[in-house]
Amino acid sequence: MTALSIRSLLLASLALASASTLSAQTGSAASAGTRVARAVDSMVFKAHLEFLADDALEGRAPGTRGGLLAQKYIAAQFERIGLQPAGDSGSYFQRVPIIALTPEPTLAVSTPAPMPLTWKQDYVLWSMRNDSLVNLSGDLVFVGYGIVAPEQQWDDYAGADVKGKIVVTLVNDPGLQDSTIFKGKILTYYGRWTYKIEEARRQGAAGILMIHTTESATYPWKTVLSGWTGPQVRLEAPPSSLLAAGWIQQETAAKVFQAGGKDLAELTAAAARPGFKAVPLGVAVTASVKSAIRRTETANVIGRLPGHGPHAREAVLIGGHYDHFGIGAPVNGDSIYNGAEDNASGTAAVMTAAEAFVRSGVRPDRSLIFIGFAAEESGLIGSQALADHPPVPLRDVATILNLDVMNLYGRTTDVSALGLDQSSLGKVFTAAAAAEGLKVSTNEEALLTGSYFRSDHFSLARVGVPGTSIENGSSYVGRPERWGREQKEKYTAERYHQPSDQMQPWFTYGGVVQQLRVTVRTALAVADAPAQPVWSRSSEFREAGERRVASGK
Ligand SMILES: [Zn+2]
């Protein structure tokens with residue numbers, strides 16, 4: 001016998017040994033996915049939900065006693081079921097520093113002729129720095145939609161030098177004007193105001209003014225005033241060269257354009273045509289923002305179930321935000337914003353999924369990391385902190401499954417999730433749903449309004465991690481077809497972000513169990529797959545995904 005054949009014999013017997021260990025471990029014919037799915041326990045979910053949604057938790061606002069209680073509870077549960085701490089310095093907690101700046105701005109056109117502008121009437125403006133005073137002045141440059149989209153061969157900043165200048169942008173994306181480009185009426189991330197600010201920062205601009213029009217912003221000026229004149233709450237991160245950001249009223253913008261001899265309507269039309277070039281407006285402005293600053297601190301809660309295969313250093317994230325609005329203005333005598341559905345339910349679901357994996361004994365190849373996200377309601381702050389400082393290097397984060405507002409209405413024949421067309425995760429999710437006998441339905445409205453960009457999975461998508469948020473199906477067992485839609489409308493009108501989002505006597509847990517069974521099957525499939533999910537060719541996150549995988553971090 002040659003050395004080589006002895007070695008291959010040895011390898012063969014090793015393979016046999018590990019195969020038999022595997023079947024001894026399983027002890028049944030059920031697949032690993034089925035075993036984890038069966039371990040999802042509705043009573044575990046219900047107990048967590050009842051605790052987190054209780055008045056004793058005082059609405060779990062960031063930086064409050066109730067928020068702290070929720071953190072400690074989640075960490076205690078992670079410890080009880082045997083997850084490893086995966087937060088800062090060997091703890092379950094990842095620090096999330098928050099800064100809130102309440103702005104008091106000034107803004108005026110300085111050249112060619114002075115033109116004072118009135119705060120709240122003509123514009124709103126807030127600081128992008130962590131300082132109590134910022135001053136800026138510079139030329140205005142109209143950058144159209146302010147988009148750099150390689151997969152659309154679109155670059156509104158091409159050839160423009162905006163360093164130290166103030167860019168003026170439209171909101172939404174060019175698909176609004178021309179349905180044959182971008183994704184037509186489906187809002188891409190490039191259409192969101194958050195994107196406009198990020199791109200302006202990347203380009204080195206000193207300021208950004210976004211033109212508010214009712215047709216493109218989908219919300220009235222009134223909403224701008226309520227959203228951007230009070231405290232601007234965000235993750236306290238190192239500042240960039242971007243000093244301030246704001247909105248400008250359409251009619252005011254038209255006057256400012258006119259001062260430089262430019263026509264806003266004409267330039268708006270030009271901005272939707274491929275090959276658009278940024279236009280210096282021949283107008284300079286001076287501005288200042290005084291800010292009252294308040295700092296608080298909260299924490300993400302992170303626990304790991306280590307992987308057992310060759311990809312153990314990689315991870316699948318399963319998360320949901322535990323924060324809500326705390327104690328606020330009373331409605332019908334109730335001042336506690338319990339956030340039972342939003343998102344005690346998702347937090348309970350994360351802990352229930354973790355316990356299902358532990359109880360099932362199934363240990364996938366990649367690690368599973370369970371997260372209670374902090375401060376989602378203040379603008380995805382906890383998940384952004386996690387994306388900035390991930391528990392494993394970003395290139396090793398295979399996917400994120402987000403749980404935000406679970407189905408407490410009953411069993412369905414279908415299930416849904418956000419952005420399934422964005423990556424190959426869609427296929428994995430569809431297969432997991434099929435294994436549970438569920439169809440996957442698409443939520444058209446979610447596509448049009450950009451729901452994909454509004455919960456914690458999105459903070460990870462932005463840095464290239466494919467992810468989704470699990471949503472309710474629409475066809476409820478034993479209910480008329482319209483019933484699901486009616487429940488959703490009722491939730492939005494009567495409970496969403498109000499003290500009445502609390503425990504209801506009619507909550508029922510068959511639906512959330514279905515969602516969780518699909519979630520754990522999806523997580524397991526990704527965790528055991530030979531390769532990580534990839535973004536679709538048409539996805540606006542593909543480029544970020546490629547950068548993530550190529551990066552050494
Ligand atoms: Zn939520």
Side-chain angles (χ1 to χ4, degrees), residues 45 48-49 51-53 57-64 66-67 70-71 73-74 96 98 192 194 227 233-235 298-301 317-326 328 336-353 370-387 400-409 416-419 443 445-446 449-462 467-472 487-504 507 511-512 515-516 519:
F45 174 85
H48 290 318
L49 175 70
F51 181 81
L52 290 167
L57 275 281
E58 297 170 348
R60 309 181 305 279
T64 68
Q71 282 169 34
Y73 178 74
I74 299 162
V96 178
I98 295 179
R192 291 272 293 151
T194 51
V233 184
R234 56 175 186 255
L235 180 68
T298 179
N300 293 324
V301 190
L317 313 185
I318 302 176
H321 74 89
Y322 68 81
D323 66 297
H324 199 61
F325 290 102
I336 300 178
Y337 290 66
N338 304 78
E341 288 172 78
D342 184 10
N343 190 30
S345 72
T347 312
V350 169
M351 292 187 280
T352 306
F370 298 90
I371 308 158
F373 285 117
E376 188 267 359
E377 305 285 10
S378 327
L380 316 185
I381 291 177
S383 52
Q384 199 192 322
L386 186 114
I400 173 157
L401 303 176
N402 182 49
L403 302 167
D404 190 356
V405 183
M406 306 305 289
N407 170 16
L408 305 179
Y409 309 143
S416 191
L418 296 175
N443 181 344
E445 200 188 308
T449 57
S451 298
Y452 189 66
F453 320 127
R454 292 163 200 254
S455 189
D456 290 313
H457 63 280
F458 176 65
S459 294
L460 278 301
R462 259 183 52 196
T468 187
S469 205
I470 284 67
E471 298 266 285
N472 293 10
Q487 299 318 301
K488 204 171 182 179
E489 285 164 3
K490 255 181 133 165
Y491 166 71
T492 309
E494 296 170 10
R495 302 191 301 281
Y496 175 69
H497 289 186
Q498 295 186 46
S500 47
D501 178 3
Q502 55 193 354
M503 288 300 293
Q504 307 290 341
F507 278 172
V512 62
Q515 288 178 307
L516 272 172
T519 303

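Atoms considered below: every heavy atom in the structure, side chains included; atoms not considered: hydrogens, waters and symmetry mates. Both counts, for ligands and for their atoms, begin at 1 and track the order of listing.
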Is the Zn ion (ligand 1) under 2.8 Å from any N, O or S atom of [X]?
X	result
Asp342	yes
His321	yes
Asp404	yes

**Asked** Donor-acceptor pair, His457 side chain versus Tyr452 backbone, under 3.5 Å?
**Response** yes
**All side-chain contact (heavy atoms from CB on, under 4.5 Å) counterparts of Ala375, not counting sequence neighbours** = Pro62, Ile98, Thr298, Ser378, Ile381
**Prompt:** According to the interplanar angle, ranging from 0 to 90°, do the rings of Tyr491 and Tyr496 count as parallel (below 30°), tilted (30 to 60°) or perpendicular (above 60°)?
**Reply:** perpendicular
**Mutual orientation of the aromatic rings belonging to Tyr337 and His324 [parallel < 30°, tilted 30-60°, perpendicular > 60°]** = tilted
